[in-house]
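In what follows, a structure is listed as structure tokens, so that the remarks can point back to it.
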Protein chains: 2
Amino acid sequence: MEAKHEAHLHALATAVEQQLMTYVQVTSKTARQEQLIQAMRYSLEAGGKRIRPVLTLEFCRLCGGTQQQAMTAACAIEMIHTFSLIHDDLPEMDNDDYRRGKPSCHKQFGHAVALQAGDALSVAAFEVVLNDPTLEAETKVALLRILAEAAGAAGMIGGQVMDMAFETRGDVTLEEQEAMCAAKTGALIRAACKLGSTAASGTPEQIALADQYGEKLGLAFQIVDDLLDVTGSTDVLGKPVGSDAQEGKTTFVSLLDLEQTKRRASKLTEEANQILQHFPDHMFLMDLTNMLLVREK
Amino acid sequence: MEAKHEAHLHALATAVEQQLMTYVQVTSKTARQEQLIQAMRYSLEAGGKRIRPVLTLEFCRLCGGTQQQAMTAACAIEMIHTFSLIHDDLPEMDNDDYRRGKPSCHKQFGHAVALQAGDALSVAAFEVVLNDPTLEAETKVALLRILAEAAGAAGMIGGQVMDMAFETRGDVTLEEQEAMCAAKTGALIRAACKLGSTAASGTPEQIALADQYGEKLGLAFQIVDDLLDVTGSTDVLGKPVGSDAQEGKTTFVSLLDLEQTKRRASKLTEEANQILQHFPDHMFLMDLTNMLLVREK
């Protein structure tokens with residue numbers, strides 16, 4: 001990534017992280033729930049690349065909006081993402097003790113508190129947008145409809161259930177795998193892009209383009225994830241390489257082959273970048289899209 | 001309860017139940033998530049007295065609104081309540097295999113699906129209000145702010161965390177116990193009343209009165225719950241009597257004594273009914289309030 005783009009990415013991620021921390025604090029109303037608040041903060045702070053909120057802020061900018069207009073929506077989508085990771089790590093789901101090199105929320109705070117921290121983050125995502133003093137009611141409703149649809153049974157949560165069901169099946173088709181990824185990972189990434197363009201009161205065309213870009217990027221993102229499990233380095237990833245194959249999990253690599261999978265990811269990245277051409281000043285997002293294709297973790 | 005009030009209660013509960021089922025259905029968008037949808041429906045159908053949505057519909061009526069104006073808010077609060085019960089029954093929380101005489105959601109559908117069904121109901125609660133074609137955006141935002149505050153870290157979820165923390169402590173004070181109940185049970189009951197008066201565009205005075213009534217009723221409700229664990233019948237309750245004392249759980253009965261606790265519940269019921277005098281046509285709600293005091297389950 002170009003240095004100035006890397007600096008921009010860092011600035012956006014930092015702005016989101018600072019804002020997130022102002023929303024999740026021990027106050028007079030939650031003085032007795034300190035452990036819950038600490039668990040919520042712990043998982044929010046253990047964030048990764050902050051891709052989703054960065055997409056929200058950036059699409060808002062590309063559609064002529066200010067950072068402030070999209071900030072609560074950016075924080076909301078990161079809260080939904082974080083809630084999903086906390087619940088995903090629980091023993092009844094993926095049973096992961098580590099997340100990004102740190103103990104997962106339930107290892108750090110216990111299962112019950114982690115469960116509730118996820119629940120509370122899910123509610124808080126809606127709350128921060130509802131309480132934003134700078135947004136019109138119509139805008140809040142438009143943003144939260146995008147968020148709810150992407151998070152719910154037809155989106156992320158539904159995708160997680162499909163993913164679990166697929167684990168016990170050896171005959172998952174490419175079409176099914178794509179539908180699962182479109183829901184589990186894709187829905188939130190698409191929503192992130194739509195939230196930004198909606199927060200900026202973008203035109204219907206701009207919102208549709210943001211959505212199409214998000215769809216391409218979301219699928220490319222998941223395909224690269226599958227590739228990294230084969231071609232990545234355990235040290236860089238912070239988790240053992242080859243675990244998908246070992247667990248007999250269906251991935252794009254098992255459905256296609258390594259070369260075809262790589263070509264698929266490149267093609268989607270190219271298509272995503274073509275969509276960006278419709279927006280002036282798209283150089284940062286194009287660089288980000290390319291970076292996600294060649295990322296090492 | 002008077003026969004005509006009992007009929008009214010039944011009519012309201014049935015209207016809510018029918019509406020709830022229209023929201024949670026397998027559609028083209030969720031055809032692959034059928035098990036998740038079935039788990040959500042299972043827990044929604046296994047409902048109890050539907051007190052919260054009935055309060056919402058009734059306070060809407062008392063403030064001059066129609067049933068339609070409050071229906072999505074009534075369904076939303078029941079969805080939040082149901083989501084909390086599903087997660088509460090999970091092994092990491094109360095580990096209950098039965099809920100109202102039927103296998104709990106995770107016994108019926110497995111832990112992972114139950115976790116996700118709770119998550120999806122939490123999101124769906126916001127979604128049904130957001131998608132209501134008959135409400136103004138301003139009203140939706142007002143309703144959802146009430147819902148989010150009542151459900152989140154400062155309300156129901158925070159109260160559940162306090163409740164869990166209290167289980168390992170022998171020195172819980174009456175003041176702490178009241179704060180926990182005000183959050184865990186009280187917040188949603190208060191919200192139910194506020195949602196109804198808000199949906200009807202009640203005056204600030206009416207909304208404040210609904211809130212005060214809900215506060216009294218919520219505490220009375222929890223105190224009667226504690227009483228039933230001592231004075232109730234295992235057959236009628238559908239769960240073993242005396243389990244609180246056996247587990248060394250702090251309850252109002254353990255903090256006060258049986259007679260004082262009964263007096264407390266009666267006094268709160270009386271105060272709640274006094275607040276209702278400010279509303280014309282309050283006879284049904286008064287009867288309901290009294291019924292909840294002398295209920296056997």
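Naming: A, B, ... by sequence-line order, numbering from 1 per chain.
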Return the minimal non-hydrogen interatomic distance between [X] and [Y], and the atom names on each side.
X	Y	result
A:Gln33	B:Ala153	NE2-O, 3.3 Å
A:Ala112	B:Met164	CB-CE, 3.4 Å
B:Gly158	A:Leu36	CA-CD2, 4.0 Å
A:Leu130	B:Ala148	CD1-CB, 4.3 Å
A:Glu149	B:Glu127	CA-OE2, 3.4 Å

When you look at [atom1] of [X], are more than 12 heavy atoms from neighbouring residues, nucleotides or ligands closer to it than 6.0 Å?
X	atom1	value
A:Gln68	CD	no
B:Lys29	NZ	no
B:Glu34	CD	no

Counting only non-hydrogen atoms closer than 4.5 Å, does B:Ala124 touch chain A with its backbone (N, CA, C, O), its side chain (CB onward), both, or neither?
neither
Any non-hydrogen side-chain atom of B:Met156 less than 4.5 Å from a side-chain atom of A:Val123?
no
Student check: side-chain heavy atoms of A:Lys140 and B:Lys140 closer than 4.5 Å
no
Quick one: which of A:Glu138, A:His111, A:Met162 has the most heavy-atom pairs under 4.5 Å with chain B, could you say?
A:Met162
Comparing A:Asp119, A:Leu147, A:Leu121, A:Val129 against chain B, the one with the most heavy-atom pairs below 4.5 Å turns out to be A:Asp119
Chain B heavy atoms under 4.5 Å from [X]: which part of the residue, side chain, backbone, both or neither?
X	result
A:Glu136	neither
A:Ile80	neither
A:Leu144	both
A:Ile37	side chain

Lys/Arg-Asp/Glu bridge criterion (N-O < 4.0 Å) met for B:Glu178, A:Arg32:
no
List the steps and the verdict of side chain to side chain contact (heavy atoms under 4.5 Å, CB included) for A:Glu92 and B:Leu90.
CA-CA 10 Å; A:Glu92 55 259 57; B:Leu90 283 170; 4.0 Å; yes
Any idea how B:His87 and A:His87 line up, ring-wise: parallel (<30°), tilted (30 to 60°), or perpendicular (>60°)?
perpendicular
